[in-house]
Q: 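My questions all concern the structure below.
Proteins come first, then strands; the chains are lettered A, B, ... in the order of their sequence lines, and each starts at number 1. Worth knowing before you read on, the calculation uses all heavy atoms, side chains too, and leaves out hydrogens, waters and symmetry mates.
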Amino acid sequence: MGTGSARLRTRPCGRDPADGTGRGCVPSSPAVPIFASCHGRTPPPPSGRPGPVCDHAETMAKSVLTPQSEDFPRWYADVVAKAGLAENGAARGTMIIKPWGYAIWERIQAELDARIKATGHDNVSFPLFIPYSFLQREAQHVEGFSPELAVVTHAGGEELAEPLVVRPTSETVIGDAMSRWVQGHRDLPLLLNQWANVVRWELRPRLFLRTTEFLWQEGHTAHATFDEAQAETLLILHHVYDDVIRNVMGIPSLLGRKTDQERFAGADSTYTLEALMRDGKALQLGTSHNLGQNFAKAFGITYSDADGGQQHAWTTSWGVSARLVGGLIMAHGDDRGLRLPPALAPVQVVVLAVKDEAIAACERLVGELTHAGVRTRLDGRTSQSFGRRAVEWELKGVPVRLEVGPRDLEAGSLTLVRRDRDRKETIPLEGAAAASADLLDAIQSGLLAEAEARRSAATTDVDTAAAVEGAGFFRLPWDRLGTGGEADLAERGYTVRCLVREDGAVPAPQENDGLIAYVARAY
RNA sequence: CGGGAUGUAGCGCAGCUUGGUUAGCGCGCCACGUUCGGGACGUGGAGGCCCCGGGUUCAAAUCCCGGCAUCCCGACCA
């Protein structure tokens, strides 16, 4: 054919290597950025001419999305639309989560749910409607939430005697139930969780990040002592949330305590996980609250202690939402779309049959991979062009793609593409399942390492609030900043994302001396 | 709530200033054929309450009045 040399130049692992072993150069080839030199150019001339260096790798670079560097919010909207994650609902601020977006959420849910149960919590389901009066029982709570409440005043064709609130969160209804369920100290701790939708009226919605209705998980617990409640608050923060977010989703986050300004309405102290997105803005991924005895007092959650005295319980609440999907997109996504960490990906390996005659071989591969415990999908939609399908899986962020075509079958090989690097390799068909499964761990840790490196490069130590300028995290002494400095920063669009001890640990509820404030612009 | 803009095919838009053929274009969709190793091509086709209501006129997507809806810009939140 005469195209061999051109191909070899563009693809270090050309499918017809001179040694004829079909092995290409899997272990030794340097990380060649195959599309770096031809980004965004016009399509290559018809193949068969040993002309330009780029061959088909050139079109591989053609971006379907607005580049991140050009307009990050637009890039985000493009990814959500083109990867088929979600779209706007008919009513303002609502969201339709599409199959791929929901599959990602279901994976997050599964990982969280397993850990929530493993730490002794039981799932329950509480009502969507809450009597308005419940909200009013806790002064801080109503005050914090009333601007974003959706209130039902009419139903069944009549005006309601007492309006109903569509739950913005469930501390109040659950507090009411707890007051009946908790009688003696033997009923404690009471460890509950629910998966639910909640409604908070939003003026500026953004798919996944801020919508009027959203899906989340909310945990609610009651304890006999402050210390137990505090231990629960931090257990969830570290061993449920951070474990999933870091080890499954591959996102490093800062764990710390919120300032009084940013505290949850009704909490004594709020702990948070804050992650840095690729545009240098911070995103709050989850919160865990020590509610002290505020809700116990408001709802009469009391118990008889071992000495027969009546005590108020100590409660906590904690939640993460489908916003995590938004965080995932913005933490890992690149100009070609989503990049899913394998531990999370609904599909870890997609096997793409270039033409019909490759389908049987693909089915065998899918069988081997599935047998090895890899979440695998076959793409045998040969009525659609190869390119369209390749782009689609790239947008969707599937970590590994195996392409099998007629030429591969002849050579006993296939093409492997890893999404984290967008590098193509030709490997033998024999053992390909095992080889691609082995890659998953490397991709997982690579994405986390990349995000960590990006964050540390974007974190700056400063001495004064005035020095806070631009993107990324700014560290400065909380003693020096104070509540006044916090207010000044707010006017310039910056917030104190969280307070952390000098040694990186999470501060105690009342601890205030020697803390570091992490400041950033946030979503 | 204040300011700016937009409603025309599933999506993105043109047409409106200066009223007048059958309301167009791109993408998508359907059929057939050729293709398939990075968003294929050809031919044919389907798809419209021109946001709603009124008015002006022989004639309104186009002009006038009134609604409604959506989007963008200024104070909060998983």
Q: Give A:Arg92 one of three labels, base, sugar-phosphate or nothing, depending on what nucleic acid heavy atoms sit under 4.0 Å from its own.
A: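 Sugar-phosphate: the residue A:Arg92, judged by heavy atoms under 4.0 Å, touches backbone atoms but no base.
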Q: Without decimals, in angstroms, what is the distance between A:Arg389 CZ and B:A40 P?
A: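 After rounding, the reported distance stands at 10 Å.
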Q: To the nearest angstrom, how far is A:Phe386 atom CZ from B:C41 atom P?
A: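 Result: 17 Å.
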Q: When rounded to the nearest Å, what value does the distance between C1' atoms of B:C51 and B:C68 take?
A: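 8 Å, rounded to whole Å.
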Q: Roughly, in whole Å, what's the span from CD in A:Glu87 to C1' in B:G10?
A: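 One finds 11 Å between C1' of B:G10 and CD of A:Glu87, rounded.
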Q: Report yes if at least one side-chain N or O of A:Ser385 is closer than 4.0 Å to OP1 or OP2 of B:C36; otherwise report no.
A: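 Answer is no, no contact under 4.0 Å.
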Q: Say we look at B:G24 and B:G37: how far apart would their C1' atoms be, to the nearest angstrom?
A: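 Pairwise C1' distance, B:G24 against B:G37, rounds to 39 Å.
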Q: For B:G42, which nucleotide in any strand shown is its Watson-Crick or wobble partner with both distances under 3.5 Å?
A: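 Across all strands, the one nucleotide that pairs with B:G42 is B:C32.
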Q: Say whether A:Asp279 and A:Trp75, considering side chains only, have a donor N or O and an acceptor N or O under 3.5 Å apart.
A: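 Side chains of A:Asp279 and A:Trp75: no pair found under 3.5 Å.
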Q: Expressed as a whole number of angstroms, how long is the span from A:Trp393:CH2 to B:G37:C1'?
A: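 Between C1' of B:G37 and CH2 of A:Trp393: 18 Å.
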Q: Can you tell me how far P in B:C76 sits from the matching atom in B:U17, rounded to whole Å?
A: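 Those two atoms are separated by 45 Å.
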Q: Does the distance from a Lys or Arg side-chain N to an Asp or Glu carboxylate O, for A:Arg336 and A:Asp334, drop under 4.0 Å?
A: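 No.
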Q: Which part of the nucleic acid, if any, lies within reach of A:Pro406 when heavy atoms closer than 4.0 Å are counted: base, sugar-phosphate only, or nothing?
A: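 Base contact.
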Q: B:C27 and B:G42: how far apart are their P atoms, nearest whole angstrom?
A: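 Per the computed distance, 9 Å lies between those P atoms.
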Q: Which nucleotide, in any strand shown, forms a Watson-Crick or G-U wobble pair with B:A59, with both distances under 3.5 Å?
A: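 Paired with no nucleotide.
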Q: Measuring only the C1' atom in each nucleotide, how far is B:G10 from B:C30? A whole number of Å is fine.
A: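 Taking atom C1' in both B:G10 and B:C30, they lie 14 Å apart.
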Q: Can you tell me the Watson-Crick or wobble partner of B:A69, both distances under 3.5 angstrom?
A: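 B:A69 is paired, partner B:U6.
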Q: If the sugar-phosphate is the primed atoms plus P, OP1 and OP2 and the base is the rest, what is the B/S/- string for nucleotides 29-34 of chain B, using protein heavy atoms under 4.0 Å?
A: ------
Q: Scan every strand shown for a Watson-Crick or G-U wobble partner of B:G48, both distances under 3.5 Å, and answer none if you come up empty.
A: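 Looking at the geometry, B:G48 pairs with no nucleotide.
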Q: Given that both distances must come in under 3.5 Å, which nucleotide forms a Watson-Crick or G-U wobble pair with B:C13?
A: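 B:G24 - that is the nucleotide pairing with B:C13, both distances being under 3.5 Å.
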Q: How long is the line joining NZ of A:Lys82 and C1' of B:G12, in whole Å?
A: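 After rounding, the gap between these two atoms is 11 Å.
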Q: Flag yes if more than 12 heavy atoms outside A:Arg74 fall under 6.0 Å of its CZ atom; otherwise flag no.
A: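 At most 12 heavy atoms, drawn from other residues, nucleotides or ligands, come within 6.0 Å of this atom.
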Q: Can we say A:Asp420 and A:Arg418 salt-bridge, meaning some charged N sits less than 4.0 Å from an Asp/Glu carboxylate O?
A: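 A salt bridge links A:Asp420 with A:Arg418.
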Q: Return the value, rounded to whole Å, for the distance between atom CZ of A:Arg381 and atom P of B:A40.
A: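 Whole-Å distance recorded here is 12 Å.
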Q: Hey, is CD on A:Glu106 packed in by over 12 heavy atoms from elsewhere, all under 6.0 Å?
A: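 For A:Glu106, atom CD is crowded (more than 12 foreign heavy atoms under 6.0 Å).
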Q: Write down the distance between CG (A:Leu416) and C1' (B:G37), rounded to a whole number of angstrom.
A: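 Taking atom C1' of B:G37 as the reference, CG of A:Leu416 is at 15 Å.
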Q: Return yes if a side-chain donor-acceptor contact under 3.5 Å exists between A:Arg497 and A:Thr495, otherwise no.
A: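 Looking only at side-chain atoms, A:Thr495 and A:Arg497 do form a donor-acceptor pair, the distance falling under 3.5 Å.
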Q: Tabulated below should be each protein N or O lying under 3.5 Å from an N or O of nucleotides 75-78 of chain B; please produce it.
A:
{"residue": "B:C77", "atom": "O2'", "partner": "A:Arg200", "partner atom": "NH1", "Å": "3.3"}
{"residue": "B:C77", "atom": "O2", "partner": "A:Glu202", "partner atom": "OE2", "Å": "3.0"}
{"residue": "B:A78", "atom": "OP2", "partner": "A:Gln284", "partner atom": "NE2", "Å": "3.1"}
{"residue": "B:A78", "atom": "O3'", "partner": "A:Gln284", "partner atom": "NE2", "Å": "2.5"}
{"residue": "B:A78", "atom": "N6", "partner": "A:Thr211", "partner atom": "N", "Å": "3.2"}
{"residue": "B:A78", "atom": "N6", "partner": "A:Thr211", "partner atom": "O", "Å": "3.4"}
{"residue": "B:A78", "atom": "N3", "partner": "A:Ser321", "partner atom": "OG", "Å": "2.6"}

Q: If we take the C1' atom in both B:C73 and B:C36, what is their distance in whole Å?
A: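 Rounded to whole Å, the distance is 48 Å.
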Q: Going by distance alone, is a donor N or O of one side chain under 3.5 Å from an acceptor N or O of the other, for A:Ser413 and A:Asp408?
A: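 Side chains of A:Ser413 and A:Asp408: pair found under 3.5 Å.
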Q: When you compare B:G19 with B:G55, how far apart are their C1' atoms, in angstrom units rounded to a whole number?
A: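 15 Å, rounded to whole Å.
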Q: Scan A:Arg339, A:Arg419, A:Arg389 and name whichever one has a side-chain contact (heavy atoms from CB on, under 4.5 Å) with A:Glu394.
A: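 When side-chain contact (heavy atoms from CB on, under 4.5 Å) is applied between A:Glu394 and each of A:Arg339, A:Arg419, A:Arg389, only A:Arg419 qualifies.
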Q: Take the protein atom CG of A:Asp78 and the nucleotide atom P of B:G12, then report the distance between them rounded to whole Å.
A: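 Between P of B:G12 and CG of A:Asp78: 13 Å.
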Q: What integer number of Å spans the C1' atoms of B:G7 and B:A14?
A: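 Straight-line distance between the two C1' atoms is 15 Å.
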Q: Whether A:Glu111 and A:Arg115 form a salt bridge (side-chain N of Lys/Arg under 4.0 Å from carboxylate O of Asp/Glu) is what I want to check.
A: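 Looking at A:Arg115 and A:Glu111, the cut-off is met.
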Q: Are A:Phe264 and A:Tyr271 an aromatic pair by the rule of ring centers under 6.0 Å?
A: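 Ring centres of A:Tyr271 and A:Phe264 not closer than 6.0 Å.
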Q: Does any donor atom in the side chain of A:Ser317 or A:His220 lie under 3.5 Å from an acceptor atom in the other side chain?
A: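 Not at all, the side chains of A:Ser317 and A:His220 share no donor-acceptor pair under 3.5 Å.
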